[in-house]
Structures are given as structure tokens and as C-alpha cells.
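Beneath this line is the structure, given in C-alpha cells, with notes to follow.
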Amino acid sequence: ETGVTQTPRHLVMGMTNKKSLKCEQHLGHNAMYWYKQSAKKPLELMFVYSLEERVENNSVPSRFSPECPNSSHLFLHLHTLQPEDSALYLCASSQREGLGPLHFGNGTRLTVT
Amino acid sequence: AQSVTQPDIHITVSEGASLELRCNYSYGATPYLFWYVQSPGQGLQLLLKYFSGDTLVQGIKGFEAEFKRSQSSFNLRKPSVHWSDAAEYFCAVGPPYSGGGADGLTFGKGTHLIIQP
């Protein structure tokens with residue numbers, strides 16, 4: 001399997017649920033990212049991990065909790081979400097140095113009811 | 001602060017016709033510039049990038065883009081579109097040191113391309 005794989009593809013959860021999104025990359029990259037894509041808005045960078053260390057957290061609410069156990073895997077743990085958190089969550093990877101661009105997964109479509 | 005403007009939210013083009021999608025940026029120096037495409041139900045895929053050198057860059061799927069410093073633009077073009085080109089197109093800019101990774105990368109809001117038969 002190659003590229004960036006995200007699971008699940010679709011997720012419906014209530015506001016009191018706890019769930020996790022998973023991302024796996026098979027490209028040998030050393031940086032991984034979470035983005036939020038909402039309708040009519042630019043792509044929002046949420047978290048950046050480089051060499052498994054979190055290097056950026058763009059004022060994301062604490063109900064979103066990332067985890068990067070190794071350079072190939074990235075999780076986004078979700079709890080007590082709000083309906084406005086419904087969106088497409090995209091994972092991406094890249095080489096931290098040099099001229100490598102982002103490689104995206106197909107995303108998880110999250111609906112909070 | 002850097003910014004990206006894609007003036008057209010939707011564009012409709014007949015199959016076989018030429019295409020130009022506009023992108024204007026605001027940045028203090030010459031940034032790194034990118035075009036990504038997102039087909040329905042998928043993530044973003046890099047079409048092409050400009051770092052330096054020749055201002056006309058070729059990408060995948062027959063796309064090209066031209067960097068015009070005087071106009072702060074990086075418009076995407078294709079001479080003849082196919083129905084499979086229907087998708088969302090995103091322009092992005094980043095600082096010259098970024099290498100295209102997410103740090104400092106700013107995306108436009110996207111242009112939705114509709115292909116008429």
C-alpha cells in the first residue's frame with residue numbers, strides 16, 4: 001500500500017462521544033499534518049508533527065487531541081465535539097526539509113449530531 | 001502577512017475548451033507557489049509548483065501555470081479540458097524557505113470547475 005491512508009472515511013458522532021481518526025503514510029516522510037476543510041473556507045492547518053514532535057498547534061480547541069506515536073502514524077482524538085466541528089479532516093505528510101510538497105489522504109468526513 | 005485570492009468561486013467550461021483559473025497572492029518577496037486539485041471524495045493532489053527559474057511551469061494532467069511577478073499572479077491553464085477535470089482547484093503560497101511543507105503555507109478558498117458536455 002502506498003501514499004497516505006485515512007480511516008474511517010465517514011464518521012457520525014454525538015456530542016458526548018469519543019472517537020479517533022487515524023492516518024498512516026507509506027512515503028517515508030518525516031512530517032505529518034492535520035487539516036480541517038469546511039465549506040466556503042480555506043484549508044485550516046490544525047497540527048504539525050515533525051520527527052514525531054508537535055511543532056505547531058494553531059489555536060485548536062482542546063476537544064481535538066493529536067497523537068503521533070511514530071513517523072508513519074498520526075491520530076486525532078475527538079471528544080465532546082460541537083456541530084460546527086463537522087467537516088472534512090485531511091491528513092498530509094511531507095519531508096520537513098528540502099522541496100517536498102504535501103501529500104494528502106482522502107480525508108474523513110465527520111458529522112457531529 | 002501572506003494571502004491568496006482566487007477570485008472565481010465557480011467556473012463553467014465546455015469540454016474541449018481552454019481553461020484559465022486565476023490566483024493572486026500577497027507576499028513581501030517571491031514565494032513558493034502551488035496548485036492543488038481535489039476531486040470529489042478525495043484529498044488534494046499537487047498539480048504543479050513554482051520555486052524559481054522559468055516562469056512557465058508544467059504540471060501533471062496537461063496543466064501549466066505562469067508566474068507573473070509584476071501582477072502577483074500564478075494562473076493555471078489547460079488548452080483543452082476533459083470531463084475528468086471537473087474538481088476543486090486550490091492555489092497555495094508559502095515562504096521561500098518552506099519547501100512546500102505545511103509551515104507557513106496559505107491556501108486560497110478554491111475554484112470549483114464544472115465541465116459542460
Side-chain angles (χ1 to χ4, degrees), chain A residues 2-10 21 23-25 27 29-51 53-58 60 66 68 74 87-109, chain B residues 1-10 23-26 30-53 57 59-60 63 65 74 87-112:
Chain A
T2 59
V4 181
T5 304
Q6 290 187 243
T7 55
R9 290 298 309 271
H10 301 271
L21 310 184
C23 175
E24 186 173 359
Q25 61 98 359
L27 300 168
H29 290 159
N30 57 14
M32 296 187 76
Y33 314 84
W34 280 115
Y35 279 91
K36 178 182 179 182
Q37 186 177 32
S38 305
K40 311 279 191 251
K41 290 185 178 181
L43 220 56
E44 300 173 50
L45 178 62
M46 300 175 72
F47 300 104
V48 180
Y49 275 85
S50 176
L51 300 173
E53 298 284 328
R54 190 191 309 182
V55 297
E56 191 162 340
N57 174 355
N58 285 344
V60 178
C68 187
L74 184 66
L88 182 68
Y89 288 85
L90 292 165
C91 173
S93 69
S94 75
Q95 281 303 116
R96 186 80 175 155
E97 303 79 25
L99 301 180
L102 296 170
H103 293 256
F104 285 85
N106 287 336
T108 295
R109 173 67 64 186
Chain B
Q2 65 194 42
S3 66
V4 181
T5 302
Q6 293 181 247
D8 304 303
I9 298 174
H10 301 278
C23 173
N24 294 96
Y25 67 89
S26 174
T30 299
Y32 285 176
L33 296 157
F34 309 85
W35 275 100
Y36 283 85
V37 61
Q38 185 177 30
S39 297
Q42 297 188 13
L44 281 69
Q45 180 185 21
L46 180 68
L47 280 177
L48 47 78
K49 61 188 183 231
Y50 173 78
F51 288 166
S52 64
V57 293
I60 62 171
F63 285 91
F74 188 56
E88 194 84 15
Y89 290 81
F90 295 91
C91 181
V93 301
Y97 63 79
S98 70
D103 295 36
L105 199 62
T106 300
F107 284 86
K109 292 185 178 182
T111 296
H112 185 59

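For the numbers below, each heavy atom of this structure counts, side chains included, while hydrogens, waters and symmetry mates do not. Please read all numbers here as calculations on a predicted model, not as lab measurements. Chain letters run A, B, ... following the sequence lines, proteins first and then strands; every chain starts at 1.
With values rounded to the nearest 0.5 angstrom, A:Y35 atom OH is found 4.5 Å from B:F107 atom CZ. A distance of 11.5 Å separates OG in A:S94 from CG in B:L46, rounded to the nearest 0.5 Å.
Counting heavy atoms from C-beta outward, A:L102 and B:F34 have side chains that stay 4.5 Å or more apart. Counting heavy atoms from C-beta on, the side chains of B:Q38 and A:L88 come closer than 4.5 Å.
No more than 12 heavy atoms of other residues, nucleotides or ligands shown are found within 6.0 angstrom of CD1 on B:I9.
Heavy atoms closer than 4.5 Å to chain B are found nowhere in A:R109, neither backbone nor side chain. For chain B, the nearby part of A:Q37 is the side chain; its heavy atoms alone come within less than 4.5 Å.
Taking every heavy atom of both residues into account, B:G43 and A:N106 meet most closely at N-OD1, 3.2 Å.
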